[in-house]
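Each remark here refers to the structure printed beneath this line.
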Number of protein chains: 2
Amino acid sequence: MQQSQSTAEVMTLRDKEYKCGIDVTLALVGGKWKASILWHLAQDTMRFSDLQRQFADTTRKMLTQQLRELEGDGLVHRKVYPQVPPKVEYSLTEQGKSIFPILEMMCDWGSNYLKAANTP
Amino acid sequence: MQQSQSTAEVMTLRDKEYKCGIDVTLALVGGKWKASILWHLAQDTMRFSDLQRQFADTTRKMLTQQLRELEGDGLVHRKVYPQVPPKVEYSLTEQGKSIFPILEMMCDWGSNYLKAANTP
DNA sequence: TGGTAAGGTTCCCTGTAGGGTACCGTGTTT
DNA sequence: AAACACGGTACCCTACAGGGAACCTTACCA
């Protein structure tokens with residue numbers, strides 16, 4: 001209420017409208033793998049194959065796709081080494097790093113929620 | 001597979017598996033309207049019709065659905081007054097309140113992100 | 001001469017989150 | 001006798017996020 005009502009303006013990002021910063025954040029990291037990817041990259045720059053190993057239960061295609069979107073949104077930096085076979089390193093941009101505290105809280109909150117849910 | 005620091009085990013919630021608390025949190029508040037609903041309820045207990053007014057761009061059906069899920073997840077409390085016409089009040093549970101700091105950060109982060117994106 | 005490496009892309013398919021519309025119940029007011 | 005109040009439910013439909021499988025590139029090595 002205070003947020004969107006007081007400004008009364010709609011926020012737009014890539015042709016989509018958002019009433020509130022929350023929706024923007026969710027649009028950026030709400031994908032099925034994005035938050036986890038950011039979480040992992042926060043600890044280390046990683047090669048594509050490293051990420052594949054971490055996310056063994058998804059496909060190369062999904063990883064590529066999510067990474068490209070994160071890159072397009074300025075949260076992840078993609079560095080290609082011009083060599084064969086290819087070498088590509090992913091790391092967080094400053095903006096990507098800035099979301100880490102939120103991810104941390106989400107991680108803790110989710111764990112605590114489950115703990116509470118599983119101890120009736 | 002092994003998630004970095006916080007857990008080595010797979011977490012389950014209502015038959016679904018999560019590798020990390022982040023995914024749990026997203027599963028609970030990642031719906032299209034849930035975070036915003038929690039956000040609004042954090043400021044006030046609200047009647048269903050209040051929420052309808054706040055979320056004028058969704059349908060009664062969607063609101064009901066999201067609210068019921070939030071209730072089922074223990075984040076929202078639903079109080080029915082036995083009268084005609086019906087009166088139903090929604091409020092946050094303690095668990096629902098506990099996620100507010102995250103929503104606040106998400107709101108700020110999203111706004112800042114847009115601000116940065118729109119001033120190149 | 002073909003296997004392998006890493007990091008993709010292309011095409012096609014599916015499940016489901018999200019949504020539209022219409023109807024319900026029951027007291028009170030016009 | 002009908003309209004309205006409020007908070008729903010029932011039924012049906014669609015777009016698109018997510019996913020599976022196969023193919024691509026290019027240098028090197030056996």
>> What is the separation between atom CD on Q52(A) and atom P on dT9(C), rounded to the nearest whole Å?
In response: 13 Å
>> Side-chain N or O of R47(B) versus OP1/OP2 of dC6(D): is the shortest distance under 4.0 Å?
In response: no
> For the side chain of F48(B), counting heavy atoms from C-beta on, which of dG7(C), dG8(C), dG7(D) is nearest?
Replying inline: dG7(D)
>> Over 60° means perpendicular and under 30° means parallel, so tell me whether F48(B) and Y90(B) are parallel, tilted or perpendicular.
In response: tilted
> Is T93(B) reaching over with its side chain to a backbone N or O of L75(B), donor-acceptor style, under 3.5 angstrom?
Replying inline: yes
> Separation of Q83(A) atom CD from dA27(D) atom C1', in whole Å?
Replying inline: 11 Å
>> What I want to find out is whether R47(A) reaches D50(A) closely enough, with some N-O distance under 4.0 Å, to be called a salt bridge.
In response: no
> Can you give one letter per nucleotide of nucleotides 16-23 of chain D, 5' to 3': B if a protein heavy atom sits under 4.0 Å from the base, S if only from the sugar-phosphate, - if neither?
Replying inline: --SBBB-B
>> Check the phosphate of dA6(C) against Y90(A), side-chain N and O only, distance under 4.0 Å to OP1 or OP2. Yes or no?
In response: no
> Hey, does R60(A) have a side-chain heavy atom less than 4.5 Å from the side chain of Q52(A)?
Replying inline: yes
> Taking CZ from R53(B) and C1' from dA5(D), how many angstroms apart are they, rounded to a whole number?
Replying inline: 12 Å
> With no hydrogens and no angle check, do the side chains of E89(A) and Y81(A) hold a donor and an acceptor under 3.5 Å apart?
Replying inline: yes
> For R68(B) and dA10(D), what is the distance between atoms CZ and P respectively, to the nearest whole Å?
Replying inline: 11 Å
> Could you give the CG-to-C1' distance, from L51(A) to dG7(C), as a whole number of Å?
Replying inline: 12 Å
>> For nucleotides 25-30 of chain C, give me one character per nucleotide, 5' to 3': B if any protein heavy atom sits under 4.0 Å from the base, S if the only such contacts are to the sugar-phosphate, - if neither.
In response: BBS---
> Does the side chain of P86(A) come within less than 4.5 Å of V80(A)'s, by heavy atoms?
Replying inline: no
>> So that I can tick it off, tell me whether D57(B) and K19(A) are bridged by a salt bridge, with the cut-off set at under 4.0 angstrom between side-chain N and carboxylate O.
In response: yes
>> In this structure, how many angstroms lie between the P atom of dG18(C) and the CD1 atom of I37(B), rounded?
In response: 11 Å
> When you measure from the side chain of T25(B) to the backbone N and O of M106(A), does any donor-acceptor pair fall under 3.5 Å?
Replying inline: yes
>> Rounded to whole Å, how long is the line connecting atom CD of E89(A) with atom C1' of dG7(C)?
In response: 13 Å
>> Once you apply a heavy-atom cut-off of 4.0 Å, does Y81(A) come out as touching a base, just sugar-phosphate, or nothing?
In response: nothing
> Which whole-number value in Å describes the distance from K87(A) NZ to dA5(C) P?
Replying inline: 17 Å
> If we only count heavy atoms from C-beta on, is the L13(A) to D73(A) side-chain gap below 4.5 Å?
Replying inline: no
